[in-house]
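Worksheet: one structure, shown below.
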Protein chains: 2
Amino acid sequence: MATTPQPGTRERIVRAASLLMQRQGYEGTGIKQVAQEAQATLGSVYHFFPGGKQAVGVAAVQHADQEFADLLSASLSEEADPAKAIAACARTLARHLRDSAWVDGCPISATALETTGRVPAIEHAVTQAFQHWRAIVADTLRGAGFPEGDANDLATTVISTLEGAELTAQVYKSETPLTVAGEHMARLINSYKA
Amino acid sequence: MATTPQPGTRERIVRAASLLMQRQGYEGTGIKQVAQEAQATLGSVYHFFPGGKQAVGVAAVQHADQEFADLLSASLSEEADPAKAIAACARTLARHLRDSAWVDGCPISATALETTGRVPAIEHAVTQAFQHWRAIVADTLRGAGFPEGDANDLATTVISTLEGAELTAQVYKSETPLTVAGEHMARLINSYKA
DNA sequence: GGCTAGATAGAACGTTCGTTATAGTGAGTC
DNA sequence: GACTCACTATAACGAACGTTCTATCTAGCC
């Protein structure tokens, strides 16, 4: 089987940490809260993560990195036209956000903002995630025939805009900022075709 | 004179709180740290803000709201062409970010993400700020002849993209994401002219 | 059975958190 | 000079923080 039906303790800790930090940020999430949410004890957390809270934070960011990368890849491969694919991706994000009662936005941006310039280990994991996501979008655009330079620039802006639109949608508690941003990104991409 | 040469205690508290929350978020910033940074005592903080940390947070967000609104207005009024103006604005933000050693990004996004859905008073102040900024951009676009609907949609995406690009630039410690996003926004806006 | 190592359990440490309470200051009014 | 009141200054509170510690459990192997 692909994954164990009931995930191991380490996995439960990482998932709980990732979810809590997505919603409350790094500083707002306590180690004890993570342990409780993961149905693990404090001893287990420090057994698997001798590096303490920072180590848990890094693992949580890496987990979120992979999870969002999977969502991005799946979303982009469903459509042949990259412009339409990104607009569809934005709609998917908007739906997920609404279904979570506007609490599950970008899984790492809160942690990123709190720790930038202050917690190098987490900062590094965040940078990796952003590069990972940008690469996925850039590869899609290159695959659709866009030249290297345009693909990289567009990919950077697409990730930035999705990031910002997710925050805006969360603040307004509305799907509109995300869906509109998706359509604008499609329009921008198409403007490079001609 | 416009402002007192040495601002009063309340003003110093608000400024210190705003700066610290911009860099460390709401949860990562302590009341005692704010007092120390503002060169005020704890007693003064609770004298001016009987509502405690939440009240300080609200005032800090409102202060940042006004400050960024001023920067936005000044930046947009320097150029007649709104597309060029927004690209210039992005470059200004990039310069400020670099000059602060990549720590002074959007003044409220960290606080917004940490408190959304959990601290209604701050959530409300954040929503006000986002609407305020969007209105400034929308007014500029309407003033340049864009129809109501387009102006509103574009303004929403412009604010979202600036927000996201600032985060990305902070993560990468590079001006590029912001300057590129600015140029893309200019291109997007111009695509509505024809 | 005895041994070992991985994993779990939870008490306890010192620190810091946000908050409250109380005392003190100093300028302005009568 | 007594009084007021806005403001400042500290000490102290209980709760929560991240972390450390020791003890116990559970398999797998000899």
Side-chain angles (χ1 to χ4, degrees), chain A residues 3-61 110-111 114-115 118-123 125, chain B residues 3-61 110-111 114-115 118-123 125:
Chain A
T3 55
T4 347
Q6 36 191 4
T9 305
R10 201 198 125 99
E11 179 76 10
R12 291 203 313 278
I13 291 169
V14 173
R15 289 191 195 182
S18 185
L19 189 69
L20 288 171
M21 288 178 186
Q22 175 179 33
R23 297 180 178 176
Q24 318 174 342
Y26 178 74
E27 301 287 354
T29 301
I31 284 282
K32 290 174 185 173
Q33 188 187 10
V34 170
Q36 186 177 342
E37 199 73 15
Q39 300 203 82
T41 62
L42 211 47
S44 297
V45 175
Y46 278 92
H47 171 75
F48 288 108
F49 300 96
K53 190 182 182 182
Q54 284 194 22
V56 173
V58 168
V61 168
T111 298
E114 284 173 315
T115 60
R118 302 194 305 139
V119 191
I122 294 183
E123 217 178 350
Chain B
T3 55
T4 349
Q6 37 191 5
T9 306
R10 199 199 127 99
E11 179 75 10
R12 291 203 314 276
I13 292 169
V14 172
R15 288 191 196 182
S18 184
L19 189 69
L20 289 171
M21 288 178 187
Q22 174 178 33
R23 297 181 178 176
Q24 318 174 344
Y26 178 74
E27 301 286 355
T29 302
I31 285 281
K32 290 173 185 172
Q33 189 187 9
V34 169
Q36 186 176 340
E37 199 73 13
Q39 301 202 81
T41 62
L42 211 46
S44 298
V45 176
Y46 278 93
H47 171 74
F48 287 108
F49 300 97
K53 190 181 182 182
Q54 285 194 21
V56 174
V58 168
V61 168
T111 298
E114 286 173 314
T115 60
R118 303 195 303 138
V119 190
I122 294 184
E123 218 179 347

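Protein chains get the first letters and strands the later ones, always in sequence-line order, with residue 1 at the start of each.
Taking every heavy atom of both residues into account, R10(A) and A59(A) meet most closely at NH2-CB, 4.5 Å. Taking each heavy atom of V56(A) and A17(A) in turn, the nearest pair found is CG1-CB, 3.6 Å. Residues I122(B) and G57(B) share a closest heavy-atom pair of CD1-CA, 4.2 Å. Nearest heavy-atom pair across V34(A) and I13(A) is CG1-O, 3.8 Å.
The local environment of CD in Q33(A) is crowded, with over 12 non-hydrogen atoms from other residues, nucleotides or ligands closer than 6.0 Å.
Of all the residues in residues 54-61 of chain B, not one reaches under 4.0 Å from DNA chain D with any non-hydrogen atom.
Here the C1' atom of nucleotide dT20(D) and the OH atom of Y46(A) are 9 Å apart, to the nearest Å. If you measure from atom CZ of F49(B) to atom P of dG18(C), you get 15 Å, rounded to the nearest angstrom. One atom, CD of Q33(B), and another, C1' of dT15(C), lie 15 Å apart when rounded to the nearest Å. Note: NZ (K53(A)) to C1' (dT19(D)) measures 12 Å, nearest angstrom. As rounded to whole Å, 14 Å separates atom C1' of dT16(C) from atom CD1 of I31(B).
Judged purely by atom type and a 3.5 angstrom limit, R12(A) uses its side chain to pair as donor or acceptor with the backbone of Q39(A).
Remark: S44(B) engages T41(B) in a side-chain hydrogen bond (donor to acceptor under 3.5 Å, both in side chains) (not counting sequence neighbours). Listed by chain and residue number, R15(A) satisfy the salt bridge (Lys or Arg N to Asp or Glu O under 4.0 Å) test with E11(A) (two or more places apart in sequence, or in another chain).
Using a 4.5 Å cut-off on side-chain heavy atoms (C-beta onward), I31(A) and F49(A) make no contact.
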**Message:** Please encode protein proximity along nucleotides 6-12 of chain C as a string of B, S and -, counting only heavy-atom distances under 4.0 Å.
**Reply:** SBBBB--

**Fill in**
Expected string for nucleotides 22-28 of chain C under the B/S/- scheme (protein heavy atoms, under 4.0 Å, primed atoms plus P, OP1, OP2 as sugar-phosphate) is -------

Tell me which donor-acceptor pairs under 3.5 Å the side chains of residues 20-27 of chain B have, and how far apart each pair is, sequence neighbours excluded?
unit_1: Q22(B); atom_1: NE2; unit_2: G105(B); atom_2: O; d: 2.6
unit_1: R23(B); atom_1: NE; unit_2: D104(B); atom_2: OD1; d: 2.6
unit_1: R23(B); atom_1: NH2; unit_2: D104(B); atom_2: OD1; d: 3.3
unit_1: R23(B); atom_1: NH2; unit_2: D104(B); atom_2: OD2; d: 3.1
unit_1: Q24(B); atom_1: OE1; unit_2: T29(B); atom_2: OG1; d: 3.4
unit_1: Y26(B); atom_1: OH; unit_2: Q54(B); atom_2: N; d: 3.4
unit_1: E27(B); atom_1: OE2; unit_2: R118(B); atom_2: NH2; d: 3.2

